[in-house]
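To start, the structure under review is shown below, and the notes come after it.
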Amino acid sequence: MRTWIKSLRPTEPRTDAREAERFIRLFHAENPGGGLNARLRDVAREIARRGTYTHTGEELRFGARVAWRNSNRCIGRLYWKSLRVRDRRHVTGAEGVAVECVAHLREATGDGRIRPTITVFPPDAPGRPAPRVLNEQLVRYAGYRRPDGSVAGDPRYVAFTALARELGWRGGGGGRFDVLPLVVDPGTGGRPLLANLPGDAVLEVPITHPEFAWFVELGLRWHAVPAISNLCLEIGGVGYPCAPFNGWYMGAEIGARNLADADRYDQLPAVAARLGLDTSTERSLWRDHALVELNVAVLHSFAAAGVTMTDHHTESSRFLTHLAREEKAGRTCPADWSWIVPPISGGVTPVFHRYYDNPTLTPNFVPRH
Ligand code: ARG
């Protein structure tokens, strides 16, 4: 079982007291109400005594929202204050984590009215690593390499699918859209737990086109909720390695990446063939034409299913609104141009035509070590 051993990590070092102080000061600066000095004293004392400290519920809620606000790759930050924070720091054990991830999906999906939500599980403590979800997202599709080298399903998850099977997953039927099980590392050095997501916790949307009836025959679908589960929420020197969070989709993430990338579902040739485009020359712009119809289909399908989704034009202008608001509040809004600009029609969105400051701020979501 060598494949999952590498997910085990050394125990967390002590919390950096200066990081803790910076965060407590930020919290009090943005949430005036007094008590700064007493809180600073308590935090310093707790770190001296046990190597780390415990955030109050208010600090955790604020920290998680600011982590979103500081996410330089995210175009959708206008609503950062509305993030719902599920404080699940009392949950111990892999089973509890799996159960709460399922509850997260149900609450966040809201029958299609998607609610940006984060569930925060216990932090690693000195000498005591906490459980963590090994999936990149709570909902993703399996990928199976066929004997001829081609892949059924999502090629991005071939290795993860193999890991799940090695751990005993038998659910994978070899289909194109098999929802992967949760794989939860208990943090104790034991074997990861496999948990299938109940069907009613995973809302999916079949992809159809408003004009082309044949589109449904492509057999495409996508899940409603993008819930990233492999980043560590870092607040004031404390790392929460298990803190899955979701927003709602921007259509292009699915239509211009997941279903279109040559190393993902690679659907442009199939769409172009159905459209009867000339694929013998790049100059017919068959890829571009197919890409637009695929994106029209994704936006149409989510709307028809009553599932929250935004488009890249609306989201680009919202982002500039967010930027202006942040500046007005006296803050820099860090942004990575190469992630903010949409993967389709970049130059016809306003976010393309300027550059951004991009310092790394905390709280934030960082890769786990
Ligand atoms: N691009 C990723 C995906 O397709 C999701 C990233 C987060 N996206 C979001 N809208 N919150 O699944």
Side-chain angles (χ1 to χ4, degrees), residues 64-65 67-85 101 104-105 107-110 112-119 133 135-143 153-157 160 176-180 197 202-205 207 220-233 243-267 291 294-295 297-299 301-303 307-316 318-319 322 335-336 338-344 346 349 351 364-367:
R65 289 173 180 158
W68 184 8
R69 185 175 89 194
N70 286 337
S71 293
N72 57 357
R73 296 172 166 185
C74 178
I75 192 175
R77 285 176 271 168
L78 181 61
Y79 304 117
W80 66 273
K81 281 185 189 162
S82 71
L83 180 67
R84 292 169 166 242
V85 181
C101 286
H104 175 131
L105 281 175
E107 289 176 28
T109 303
R113 246 191 112 241
I114 312 284
R115 308 172 174 124
T117 304
I118 185 169
T119 299
V133 170
N135 309 55
E136 184 178 73
Q137 291 192 27
L138 297 182
V139 183
R140 294 268 94 174
Y141 297 119
D154 194 338
R156 186 177 175 102
Y157 299 104
F160 189 86
R176 288 169 89 198
F177 297 99
D178 296 342
V179 174
L180 284 162
L197 293 172
V202 181
L203 181 59
E204 292 181 278
V205 177
I207 308 298
L220 303 177
R221 55 203 285 123
W222 206 257
H223 54 89
V225 179
I228 294 175
S229 47
N230 67 346
L231 293 180
C232 179
L233 167 62
F245 62 89
N246 74 279
W248 51 73
Y249 263 118
M250 181 172 82
E253 298 182 83
I254 300 168
R257 301 298 311 277
N258 301 342
L259 294 178
D261 279 359
D263 60 356
R264 301 289 299 286
Y265 279 81
D266 194 21
Q267 290 300 297
L291 192 57
L294 180 52
N295 279 272
V298 168
L299 287 164
S301 306
F302 271 63
V307 176
T308 312
M309 169 171 273
T310 181
D311 67 87
H312 48 287
H313 301 287
T314 303
E315 213 50 33
S316 293
R318 277 187 193 151
F319 182 70
H322 170 64
D336 179 341
S338 70
W339 278 71
I340 295 296
V341 172
I344 181 174
T349 67
V351 293
N364 214 323
F365 295 102
V366 300

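Residue numbers count from 1 along this sequence. Atoms within a ligand are numbered from 1 in the order they appear, just like the ligands themselves.
Against a heavy-atom cut-off of under 4.0 Å, P226 is close to the following atoms of ligand 1: 5 (C), 9 (C), 10 (N), 11 (N). Distances below 4.0 Å separate heavy atoms of W248 from the following atoms of ligand 1: 9 (C), 10 (N), 11 (N). The ligand atoms of ligand 1 that sit less than 4.0 angstrom from a heavy atom of Y249 are 3 (C), 4 (O), 10 (N), 12 (O).
Counting heavy atoms closer than 4.0 Å to ligand 1, residue R140 contributes side-chain atoms (C-beta onward) but none from N, CA, C or O. With a 4.0 Å heavy-atom cut-off, ligand 1 is reached by the side chain of Q137 but not by its N, CA, C or O.
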Using the rule given for side chain to side chain contact (heavy atoms under 4.5 Å, CB included), can you reason through H223 versus R140, listing the C-alpha separation, both sets of side-chain angles and the distance that settles it, and then say yes or no?
CA-CA 8 Å; H223 54 89; R140 294 268 94 174; 3.1 Å; yes

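Counted by atom type alone, H322 and R69 present zero donor-acceptor pairs between their side chains at under 3.5 Å.
The closest side-chain heavy-atom distance from I344 to H312 is below 4.5 Å. Counting only heavy atoms from C-beta outward, the side chains of N246 and I114 approach each other to under 4.5 Å. Inter-residue side-chain proximity for L78 and E315 is flagged as unmet; no heavy-atom pair is nearer than 4.5 Å.
Nearest to atom 4 (O) of ligand 1 among the protein's heavy atoms is N258 ND2, 2.8 Å. The single protein non-hydrogen atom nearest to atom 5 (C) of ligand 1 is E253 OE1, 3.1 Å, given as residue, atom name and distance.
When N258, V205, V307 are each tested for a side chain to side chain contact (heavy atoms under 4.5 Å, CB included) with W222, only one passes: N258.
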